[in-house]
Amino acid sequence: MTELERQLEILSRGCVELLPEGALAEQLALALKVGRPLRVKAGFDPTAPDIHLGHTVLLYKLAQFQRLGHEVILLIGDFTARIGDPTGRSETRPPLSEEAIRKNTETYTAQVFKILDPERTRVVFNGDWLGRFTLVDLLTLCAKYNVAPMLTRDDFSKRYKAGHPIAIHEFLYPLMQGYDSVALEPDLELGGSDQTFNLLVGRDLMRAYGQKPQSIMTMPLLEGTDGVRKMSKSYGNYIGVTEAPDGMFGKVMSLSDELMLRYMELLTDWDLERVRAEHPMAAKQRLAMEFVARFHGREAAEAARDAFVARFSKREVPDDLPEVNVPCPQGDMWLPDVLVAAGMPSKSEARRRIGAGAVYVDGERVTDEQARLAAGGTYLVKAGKRSMWRVTLTWAHG
RNA sequence: GGGGAGGUGCCCGAGCGGUCAAUGGGAGCGGACUGUAAAUCCGUCGGCUACGCCUACGAAGGUUCAAAUCCUUCCCUCCCCA
């Protein structure tokens, strides 16, 4: 396999589209011949405070470029975030405050370098040039694009036909994003598959400004832990990169087998054929380790795995059990009251769990709703697979 | 500007004077089976030591022995015409 083939294989893994066809191969061939790395741009609007695994699909791809020696430009859309990308929206986005953007930018950049090599990443902010745009600059920019292609976009055309408002500035979003490419002159821009239109506008604008148009690589939007909808905080199906090791490990372990392969495809460079031959659980543990290590380090990953295996595979009692101290005004306490004190949302819920046979005290299943625990003792209380505490009933005068 | 429809539990969505804490589906939760997977099956899904009581059907009032269901006002969504 030649170096060109090797790079092409790594880089094209998982991606949805490479436009125009064959462009990347040509660019790579030239880059290798001349010894000049490709300049790759990817933009992120700091519209949310934290990033999740879904965002890291692009970052991982950028890291792959880096490892092959290419130049990565990470564009922070601090200016474009103020408008908000209208892509896929059925209505105008509310604008973000500068304050929120600034804060998000901080956390973003911190989290991004868990994946990217900071030494080899150029971070730029589009506020640096878009913030200085004059009206003349803007008019020049606008003169280089047409309304017609804007209206062919699915989201805009739906809104237009339905008579829903499209604010003029929403047309400006793709133009500004495209202008970023004019300002940075990348060889290739990487984006989510929902960004295809915006990325193509970048090509058109570069051409219009007399530059060599960038090629385009789009990546799929990662499915969330439900395996259906795209990963998103608002769907609650996400794995955040700042999540605690144990929680992250557990979430990965509960992915379906099929989804696990999808995550591996997009977020690792592992040989999927080989993974398929493995026991799915072993493979999943490896993936969980990989993610935890990526964001929290090797040691944390090992600890998370050990805790997981002990707790769920061997069903041992974890040693970091939450300790709960419950003041007990009498000689003993009604079990549902104890459960509520430990963290159950309500006594009704506690009684339901007892009735369902989910409650164990010191390893013994309790099915009697009227059960009471004596004050002064410490008990191992379990109320379903995810709720377990070490409860101490402290005798206290009421 | 004119006309019409509607706001119900986490979500979707029935109910249109009592038998409604409110059918059904989804999500969630628990149990069984497991690899804390998927699939499947069963159960549960406002609160309260409960064959009863309290709080709930956009908000506030009102009519009734009795209202999610009727009336009034208000708030908010959506659709059609111009």
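Each chain gets a letter, A, B and so on, in the order the sequences are listed, and its residues count up from 1.
Residue pairs meeting the side-chain hydrogen bond (donor to acceptor under 3.5 Å, both in side chains) criterion with at least one member in residues 110-122 of chain A, sequence neighbours excluded, are A/Asp50-A/Gln111, A/Gln66-A/Thr121, A/Asp117-A/Arg120. Every pair passing salt bridge (Lys or Arg N to Asp or Glu O under 4.0 Å) that includes a residue from residues 11-36 of chain A is listed here, sequence neighbours excluded: A/Arg36-A/Asp187.
With pairs defined as Watson-Crick or G-U wobble and both atom distances under 3.5 Å, the stems of at least three pairs that touch RNA chain B come out as B:1-7 with B:75-81, B:10-12 with B:24-26, B:28-32 with B:40-44, B:46-48 with B:52-54, B:58-62 with B:70-74.
Qualifying side chain to side chain donor-acceptor pair (under 3.5 Å) partners for A/Tyr145, counting only residues two or more places apart in sequence or in other chains: none. Partners of A/Glu223 according to the salt bridge (Lys or Arg N to Asp or Glu O under 4.0 Å) rule, which considers only residues two or more places apart in sequence or in another chain, are A/Arg262. Residues satisfying the salt bridge (Lys or Arg N to Asp or Glu O under 4.0 Å) criterion with A/Arg203, sequence neighbours excluded, are absent altogether. Partners of A/Lys382 under the salt bridge (Lys or Arg N to Asp or Glu O under 4.0 Å) rule, at least two apart in sequence or in another chain, do not exist in this structure. For A/Arg305, there are no salt bridge (Lys or Arg N to Asp or Glu O under 4.0 Å) partners, not counting sequence neighbours.
Following rounding to the nearest Å, A/Leu335 (CG) and B/U49 (P) show an atom-to-atom distance of 13 Å. Going from atom CZ of A/Arg311 over to atom P of B/G35 covers 18 Å, rounded to whole Å. If you take CG of A/Asp257 and C1' of B/U36, they are 13 Å apart, rounded to a whole angstrom. In this structure, A/Asn237 atom CG and B/C11 atom C1' are separated by 15 Å, rounded to whole Å. Rounded to whole Å, the distance from CE on A/Met260 to C1' on B/U36 is 15 Å. Distance OH (A/Tyr263) to P (B/A38): 13 Å, rounded to an integer number of Å. Between the CG atom of A/Asp226 and the C1' atom of B/A38 there is a distance of 14 Å, given to the nearest Å. The NZ atom of A/Lys284 sits 10 Å away from the C1' atom of B/U36 (whole-angstrom rounding).
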Less than 3.5 Å apart, which donor and acceptor atoms pair up between the side chains of residues 334-341 of chain A and the rest of the protein, not counting sequence neighbours?
residue, atom, partner, partner atom, Å
A/Trp334, NE1, A/Glu369, O, 2.8
A/Asp337, OD1, A/Lys347, NZ, 3.2

What pairs of donor and acceptor atoms, side-chain ones from residues 175-183 of chain A against any protein atom, are under 3.5 angstrom apart with sequence neighbours left out?
residue, atom, partner, partner atom, Å
A/Gln177, OE1, A/Asn198, ND2, 3.4
A/Gln177, NE2, A/Gln195, OE1, 3.4
A/Asp180, OD1, A/Trp129, NE1, 2.8
A/Asp180, OD2, A/Asn126, ND2, 3.1
A/Ser181, OG, A/Lys41, NZ, 2.8
A/Ser181, OG, A/Glu189, OE1, 3.0
A/Ser181, OG, A/Gln214, OE1, 2.9
A/Ser181, OG, A/Gln214, NE2, 3.4

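Atom P of B/C65 sits at a distance of 38 Å from the matching atom of B/U77, rounded to the whole Å. To the nearest whole angstrom, the two C1' atoms, one in B/C11 and one in B/A60, are 28 Å apart. Between B/U64 and B/G18, the distance separating the two C1' atoms is 12 Å to the nearest Å. Taking the C1' atom of each, B/C16 and B/C70 are spaced 10 Å apart, rounded to whole Å. Atom P of B/G52 sits at a distance of 29 Å from the matching atom of B/U63, rounded to the whole Å. The separation of B/C20 from B/C45, taken at their P atoms, amounts to 16 Å, rounded to a whole angstrom. With both ends at atom P, the span from B/U23 to B/G9 equals 13 Å, rounded to whole Å. For the C1' atom pair drawn from B/C78 and B/U34, the interatomic distance equals 47 Å after rounding to whole Å.
With hydrogens and angles ignored, the 3.5 Å screen pairs a side-chain donor or acceptor of A/Glu243 with a backbone N or O of A/Gly240. Looking at A/Trp389, its side chain never comes within 3.5 Å of a backbone N or O of A/Leu321 through a donor-acceptor pair.
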query = What is the per-nucleotide protein-contact pattern of nucleotides 23-28 of chain B, from the 5' end, where B denotes a base atom under 4.0 Å from a protein heavy atom, S denotes such proximity for sugar-phosphate atoms only, and - denotes neither?
reply = ------
request  = Decide yes or no on salt bridge (charged side-chain N to carboxylate O under 4.0 Å, His left out) for A/Glu106 and A/Lys103, but give the supporting numbers first.
outcome  = CA-CA 5 Å; A/Glu106 272 171 39; A/Lys103 271 188 104 169; over 6 Å; no
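Residues of residues 344-362 of chain A that place a heavy atom closer than 4.0 Å to RNA chain B, in numerical order, are A/Ser346, A/Lys347, A/Ser348, A/Glu349, A/Arg351, A/Arg352, A/Arg353, A/Ala356, A/Gly357, A/Ala358.
The residue among A/Pro280 and A/Trp334 whose nearest nucleotide of RNA chain B is located toward the 5' end is A/Pro280. Mapped onto RNA chain B by nearest heavy atom, A/Glu369 and A/Ser256 fall at different nucleotides, with A/Ser256 at the one closer to the 5' end.
A/Arg294 and A/Glu290 are joined by a salt bridge, as a carboxylate oxygen and a charged side-chain nitrogen come within less than 4.0 angstrom of each other.
Using a 4.0 Å heavy-atom criterion, one finds that A/Arg365 contacts the sugar-phosphate atoms exclusively.
Minimum atom distance to the side chain of A/His279 is reached by B/G35, of the listed B/U49, B/U36, B/G35.
Remark: the A/Gln370 side chain and the B/U49 base include a donor-acceptor N/O pair separated by less than 3.5 Å.
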